[in-house]
Number of protein chains: 2
Amino acid sequence: MQKKYLTIYDDLVKKIQTNVWSESTLLPSENELTMMYETSRETIRKALNLLSQNGYIHKIRGKGSVVIDRNKFDFPVSGISSFKELAESLELNSETVVERLDYVKKDHTVRSKLGVSGRDQVWQVDRIRKIDVEKVILDKDYFNEKHVPMPAKEVCEDSIYDYVERELGLTIGFAKKEIVVEEPTDEDRELLDLTGFTNVVVIKSLVYLADTSLFQYTESRHRPDKFRFVDFARRVKNG
Amino acid sequence: MQKKYLTIYDDLVKKIQTNVWSESTLLPSENELTMMYETSRETIRKALNLLSQNGYIHKIRGKGSVVIDRNKFDFPVSGISSFKELAESLELNSETVVERLDYVKKDHTVRSKLGVSGRDQVWQVDRIRKIDVEKVILDKDYFNEKHVPMPAKEVCEDSIYDYVERELGLTIGFAKKEIVVEEPTDEDRELLDLTGFTNVVVIKSLVYLADTSLFQYTESRHRPDKFRFVDFARRVKNG
DNA sequence: TTGCAATACTTGTATATACAAGTTATACTA
DNA sequence: TAGTATAACTTGTATATACAAGTATTGCAA
């Protein structure tokens with residue numbers, strides 16, 4: 001059985017995107033939507049709160065839900081998505097090259113970042129992301145072998161998240177991310193098209209499974225001119 | 001009257017921060033919390049969902065709410081907060097210098113970004129943010145005079161958001177943000193301590209009031225080594 | 001016409017109940 | 001002992017009701 005509030009949310013998103021309700025106009029009221037979808041008001045409110053969190057609408061007490069122009073939320077580093085999902089949704093002319101795939105040495109610093117102890121293995125994959133033939137992103141992924149066994153190279157060329165979620169049946173829960181600007185390493189200069197650039201933007205992520213076990217550390221190293229981060233934020237009063 | 005689920009949320013945050021429940025242990029169950037706070041389960045769930053959204057806990061169906069180590073969510077560009085609020089919460093040794101405060105010319109490009117028409121005025125304030133005597137951030141703020149009249153210079157040295165929210169009684173609603181990396185302008189080089197740096201990180205924001213009217217455009221220009229953005233993200237399935 | 005009060009809307013909060021779905025511990029059976 | 005079914009938990013979804021609080025409209029009175 002489908003979750004009712006999610007199907008309503010999806011339907012409302014589609015209708016907003018196809019301009020059934022256009023920017024800065026009001027959605028039907030919660031009571032009207034309750035009747036339209038033949039459900040309860042609380043279910044409608046769950047769907048509307050999701051729309052609000054994701055920047056589709058803004059709710060005003062006493063008035064209604066105003067449609068927001070979410071124009072071009074292009075490159076959402078916000079949220080957890082794989083490069084493949086991203087490239088597909090943006091219809092980019094992209095390509096992935098696996099540069100390296102093997103186990104890391106016992107003294108590697110990522111072992112402490114991943115919190116692995118003793119003889120547990122950590123494997124590493126370096127991938128170059130091309131957009132329109134230019135090498136613009138270097139992804140360095142480190143996985144805890146205990147949770148995610150090292151796959152074949154072909155899997156890395158496709159989507160590791162597909163492998164983790166579909167093949168291994170694991171559920172990804174949440175991630176902590178950090179964005180900083182660094183000077184390029186020798187490796188960056190060797191593997192990316194960096195001529196003329198003196199910085200790289202680095203997104204460092206710790207990714208956790210739904211059972212809160214840490215399984216992945218990633219550094220996504222971007223050429224600065226191809227980097228863009230878009231965010232939607234609500235004001236919270238700290239009283 | 002206080003909102004019950006918010007006071008419970010605040011109380012739970014405090015208890016997590018003071019290690020009443022430590023990392024990766026389970027919170028009391030929803031039913032137990034319901035009794036502890038003498039309220040209904042739905043009210044407890046509202047508070048817990050807030051904790052989850054803000055990265056304090058992770059809920060697992062059938063098990064409970066696991067406490068997450070939210071270690072050093074330092075420089076939250078995520079969310080809308082003023083530099084003053086930020087500096088205070090981080091206890092930084094900071095200072096603000098107002099470099100410029102006047103009306104912008106009729107042909108200025110920000111007029112279209114703010115969507116002002118005809119003879120409406122737009123005013124501008126340029127502020128340098130010092131951290132430990134170093135000039136590391138240049139904030140360029142543009143306001144629609146119709147919503148926010150130009151204040152005295154002293155207000156800009158303190159906090160414009162205080163002025164907007166307290167003095168004018170306006171309510172800030174939401175913001176769209178974009179982070180990009182650019183080459184420094186002549187102005188950046190003149191006003192910031194940029195020797196040795198060839199890039200600046202720019203956070204461009206459009207800020208809206210609670211009634212969805214656009215009132216502010218901001219460019220916050222950071223020296224790359226002092227820039228850090230931390231984020232918490234949950235995995236959403238797009239099935 | 002203008003101003004104001006009443007009214008009919010809107011969304012927000014709090015509560016209660018029922019059942020579904022996932023996890024863990026218990027106790028029983030082979 | 002090992003395995004399995006059961007029961008007793010956990011969180012998730014859906015519904016209903018009541019009232020609070022903010023907004024817009026209506027209509028009446030000066």
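Just so it is clear, the structure is predicted and the values come from calculations on it, not from any experiment. Every chain is numbered from 1 and lettered A, B, ... according to where its sequence line falls, protein lines coming before strand lines.
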Working note: A:Thr212 + B:Ile60, criterion side-chain contact (heavy atoms from CB on, under 4.5 Å); need CA distance, chi angles, decisive distance, verdict. CA-CA 9 Å; A:Thr212 74; B:Ile60 304 178; 4.3 Å; yes
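- Distances shown here put every side-chain N or O of A:Tyr5 at or beyond 4.0 Å from the OP1 or OP2 atom of D:dA14.
- Atom NZ in B:Lys3 sits about 10 Å away from atom C1' in D:dA21, given to the nearest Å.
- Note that B:Lys113 lies in the cation-pi zone of B:Tyr217, set by a 6.0 Å cut-off to the ring centre and a 45° limit from the axis.
- Annotation: salt bridge (charged side-chain N to carboxylate O under 4.0 Å, His left out) contacts of A:Arg127 (sequence neighbours excluded): A:Asp141.
- Not one side-chain nitrogen or oxygen of B:Arg41 sits closer than 4.0 Å to the OP1 or OP2 atom of C:dT15.
- In this structure, the NE2 atom of B:His58 is 13 Å from the P atom of D:dT11, given to the nearest Å.
- Pairs of residues two or more places apart, or lying in two chains, that qualify as salt bridge (charged side-chain N to carboxylate O under 4.0 Å, His left out) and include a residue from residues 50-68 of chain A are A:Glu30-A:Lys59.
- For residues 206-216 of chain B, no residue pair satisfies the salt bridge (charged side-chain N to carboxylate O under 4.0 Å, His left out) rule, not counting sequence neighbours.
- Applying the ring pair (Phe, Tyr, Trp, His ring centres under 6.0 Å) definition to pairs two or more places apart or across chains, those involving residues 101-124 of chain B are B:His108-B:Tyr142, B:Trp123-B:Phe143.
- Atoms CD (B:Glu38) and C1' (C:dA14) sit 15 Å apart, rounded to a whole Å.
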Pairs under 3.5 Å (N/O, protein and nucleotides 23-25 of chain D):
| unit_1 | atom_1 | unit_2 | atom_2 | d |
| --- | --- | --- | --- | --- |
| D:dT23 | O4' | A:Gly62 | O | 3.4 |

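- Across the protein-nucleic acid pair, B:Glu42 atom CD and D:dT17 atom P stand 16 Å apart, rounded to whole Å.
- An OP1 or OP2 oxygen of C:dT15 is reached within less than 4.0 angstrom by a side-chain nitrogen or oxygen of B:Thr43.
- In this structure B:Lys15 satisfies the salt bridge (charged side-chain N to carboxylate O under 4.0 Å, His left out) test together with B:Asp11, sequence neighbours excluded.
- The phosphate of D:dG12 (OP1 or OP2) has a side-chain N or O of B:Lys59 nearer than 4.0 angstrom.
- With sequence neighbours left out, the side chain to side chain contact (heavy atoms under 4.5 Å, CB included) criterion links A:Ile8 to A:Lys4, A:Leu12, A:Tyr37, A:Thr39, A:Thr43, A:Ile44, A:Ala47.
- The separation between B:Ile57 atom CD1 and D:dT10 atom P is 15 Å, rounded to whole Å.
- Counting to the nearest Å, the P atom of C:dT13 and the CG atom of B:Leu6 are 7 Å from each other.
- Nearest to the side-chain atoms of A:Thr39 among the listed nucleotides D:dT15, C:dA14, C:dG12 stands D:dT15.
- Residue pairs satisfying the salt bridge (charged side-chain N to carboxylate O under 4.0 Å, His left out) criterion with at least one member in residues 145-155 of chain A, sequence neighbours excluded, are listed as follows: A:Asp120-A:Lys146.
- In DNA chain C, runs of at least 3 consecutive Watson-Crick or G-U pairs, each pair with both distances below 3.5 Å, span C:1-30 with D:1-30.
- The stretch residues 23-37 of chain B touches DNA chain D through B:Ser29, B:Glu30, B:Asn31, each having a heavy atom under 4.0 angstrom from the strand.
- With sequence neighbours excluded, the residues forming a side chain to side chain contact (heavy atoms under 4.5 Å, CB included) with A:Met36 are A:Pro28, A:Leu33, listed by chain and number.
- Taking atom CZ on A:Arg45 and atom P on C:dA14, their separation rounds to 11 Å, with Å as the unit.
- OP1 or OP2 of C:dT15 lies within a sub-4.0 Å distance of a side-chain N or O belonging to B:Lys4.
- Shown here are the salt bridge (charged side-chain N to carboxylate O under 4.0 Å, His left out) partners of A:Lys46, two or more places apart in sequence or in another chain: there are none.
- Atom CD1 of A:Ile44 and atom C1' of D:dA16 are 15 Å apart (whole Å).
- In this structure a side-chain-to-backbone donor-acceptor pair under 3.5 Å is missing from B:His222 to B:Val202.
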